[in-house]
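Structure record follows, encoded as structure tokens.
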Amino acid sequence: MALISINLQDGSVIKDQDVIIGIDLGTTNSLVAYMQGGQPVCVKGPDGKNTLVPSVVHFPDDGTVLVGDAAKDRLITDPANTIYSVKRLMGKSYKDVENIQAFFGYRILDDDTEALVKIRVKNRYYTPVELSTQILRELKRRIEEELHTPVSKAVITVPAYFNDNQRQATRDAGKLAGLDVLRIVNEPTAAALAYGIGLDPTLPEIIAVYDLGGGTFDISLLHIHDGVFEVLATNGDTFLGGDDIDRAVVDFFCSQLNLDTEILAEDKSLGQELRLLAESAKKALSGAEHFDGRAMGKPVRITRAGLEALMHPLVQRTLDCCRNALQDAGISPEQVGKVVLVGGSTRIPLVRQKVAGFFGKPLFDSLNPDEVVALGAAIQADILAGNQKNLLLLDITPLSLGIETIGGLMDTIIPRNSKVPNKAGRQYTTSVDGQKNLKIAVYQGERDLVENNRKLGEFILRGIPPMPAGLPKIDIQFIINADGILTVRARELRSGLEQEIDIRPTYGISEEDMAQMLLDSIAHAQEDMQQRGVLEARNEANNLLKAGEKFLQQNDTLLSPEELQTTRALLNALQEAAQSADKDHIHRAIENLNDFTAPLAHRAMEQTIRTAIRGKKVSS
Ligand code: ADP
Ligand code: MG
């Protein structure tokens, strides 16, 4: 039963000569890749060697911006003006990051806990989106230099656990960097694609992607079937990675040098020297059996066995996460068909050995683990460009889809960037006693109020059997098929009522309109949040007014004249407050009414119980 059929595909055309680039926007390092002669390659920096761009942005005094290696050099000498790990802040409010603030060497703005975080550098405030934009600009510059041509279309990867806010923030950063972000792809999906996993739709399987980077650990379990990469479970630790190993090695060197680690907090350049030495020792030990170096003019030494003893507990913690992910997905290690390694820290032999042992499988590790995500992103870009015609194109919804709820609020049912085909639903109910009809209006867009989004169509579910408000169970399902056609279905579950009404399809939305809607949603986020607050307060007030009237009708004999009068007065005050646009004012009126009537309601309830008990006695 198709109630609304809407083609979501916007018909934007990708020209043959367009290069679409793949970007891994990492916490520690970022990379850009593209297809060269049918093979994905990562772009190297000016030195012709390094494909990694450290995800670090430095603001020198001269007003310029440094990104990458040049910025990383300033991490220790000028921490307040050098921003790293900005990915941890994407799409987060200050409240979300409050307890991890100590981790950052720079200032996170804390004047409003509800708003999205900002970072203070000198006298300017930057959003994580703007800072990520700087990194993306650097990557764009890199590839344009390599290809001697402007590029504007990109695929960007994000962790599988990124929520809609974080994905949107990433997409926005791309737009601000002058990139048309055709798709946001999950990092584990990209890693699988880099190994060619999932390219044959006839072979369904479950894979594990183990990603141990610089500062974070992620394990993702994917079920790949018919070209769809479904995330079964994710787990991990946002503060566990190569940096922790480096710190353990620094401590180890300090004890060799008879040095109190406290001193490193004061002597920053010694701290940096030891940290760099520790990192190179760690990297060397991925190939060699021992490492000899010098610090403060004295020799230091660490063996592979020594390093392994230091990092053993860290590796155990990653395996605990793997166990939890398997449990969440309800599968055993034997059901995992393939294990893919991602992240620079998976070069460590102990890590490989433990992971292989845990899953009981050989590993997919032939590709460079810090490039594998970017390589996969380039493959995804190539599929989008239509260069791999035999491959199924996995599509996503470009904008959120939802329905209008009371007060003109947008209730998103399928968030943007959801994979296609897709199905999602939610239950609603009526707000008025005996309500017979329910209007279902479908919208597309990111704003909180439907009036700012795009209406796709509406229909009325008629003939709901009369029931008290809140009792009907109306199930609304959104189903998008592989062609991107949306079907909306509504059903009243108690009566089984289903209404069939056809709505003329509306046409797709252009790239420009979509970009404009996104920019609007960023620009108006604050305002929307306030409006949403007012509307929610008003809805609550209206519900309470109705309940209050009912209460007075049913209990007028139970209440004293004064109580009746005060309740009336408080109801009137609330009625008046509900007209205002001040949500605090409405909330105060709600509280006043609630405070006064709570004991009355309690008394009414006791009365009802007493009557009920008496009734029982009489009848027995
Ligand atoms: P992210 O995904 O967080 O951006 P990466 O995947 O780039 O991070 O991993 C960076 C981490 O990998 C760093 O901690 C780095 O020291 C570590 N690393 C890189 N090469 C090696 C190696 N040969 N042996 C051990 N660790 C390595
Ligand atoms: Mg990574």
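We use all heavy atoms of the structure for the numbers below, so side chains are in, but hydrogens, waters and symmetry mates are not. Order of appearance sets the numbers: ligands from 1, and atoms from 1 within every ligand.
T318 pairs by the side chain to side chain donor-acceptor pair (under 3.5 Å) definition with Y210, not counting sequence neighbours.
Here E446 does not pair with R171 in a salt bridge; the nearest charged N to carboxylate O distance is not below 4.0 Å. For E279 and K283, the salt-bridge test passes: some basic side-chain N is under 4.0 Å from an acidic carboxylate O. With respect to the salt-bridge test (charged N to carboxylate O, under 4.0 angstrom), the residues R141 and E144 do not qualify. For R275 and D243, the salt-bridge test fails: no basic side-chain N is under 4.0 Å from an acidic carboxylate O. For the pair K175 and D172, the salt-bridge criterion is not met [side-chain N within less than 4.0 Å of a carboxylate O]. Contact check on K72 versus D69 returns no salt bridge, with no Lys/Arg side-chain nitrogen under 4.0 Å from an Asp/Glu carboxylate oxygen.
The closest non-hydrogen atom to atom 2 (O) of ligand 1, taken over G213, A284, S30, G343, comes from G213. When the heavy atoms of E371, K283, E187 are ranked by distance to atom 22 (C) of ligand 1, first place goes to K283. Heavy-atom proximity to atom 13 (C) of ligand 1, evaluated over G214, S280, G215, A281, is greatest for G214.
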Run the side-chain donor-acceptor check on residues 42-54: report pairs under 3.5 Å with partners two or more places apart or on a different chain.
residue: D47; atom: OD1; partner: K49; partner atom: N; Å: 3.0
residue: D47; atom: OD1; partner: N50; partner atom: N; Å: 3.3
residue: N50; atom: OD1; partner: L52; partner atom: N; Å: 3.2
residue: T51; atom: OG1; partner: E371; partner atom: OE2; Å: 2.7

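Nearest to atom 9 (O) of ligand 1 among the protein's heavy atoms is G344 N, 3.3 Å. Shortest contact from atom 26 (N) of ligand 1 to any protein heavy atom: K282 CE, 3.5 Å. Ranking the protein heavy atoms by distance from atom 7 (O) of ligand 1 puts N29 ND2, 2.8 Å first. Regarding atom 20 (N) of ligand 1, its nearest protein heavy-atom neighbour is R347 NH1, 2.9 Å. When hydrogens are left out, the protein atom nearest atom 15 (C) of ligand 1 is E279 OE2, 3.3 Å; that is the closest non-hydrogen contact.
For ligand 1, the atoms sitting less than 4.0 Å from at least one non-hydrogen atom of G242 are 14 (O), numbered in the order shown with element in parentheses. Using a 4.0 Å cut-off to heavy atoms of T28, the atoms of ligand 1 that qualify are 1 (P), 3 (O), 4 (O), 8 (O).
With D24 as reference, L31 is the one residue of L31, V342, V155 to meet the side-chain contact (heavy atoms from CB on, under 4.5 Å) rule.
Only side-chain heavy atoms of S286 come within less than 4.0 Å of ligand 1; its backbone N, CA, C and O stay farther off.
Contact between I348 and ligand 1 is present, with at least one heavy atom of the residue lying under 4.0 Å from the ligand. In this structure, G241 has no heavy atom closer than 4.0 Å to ligand 1.
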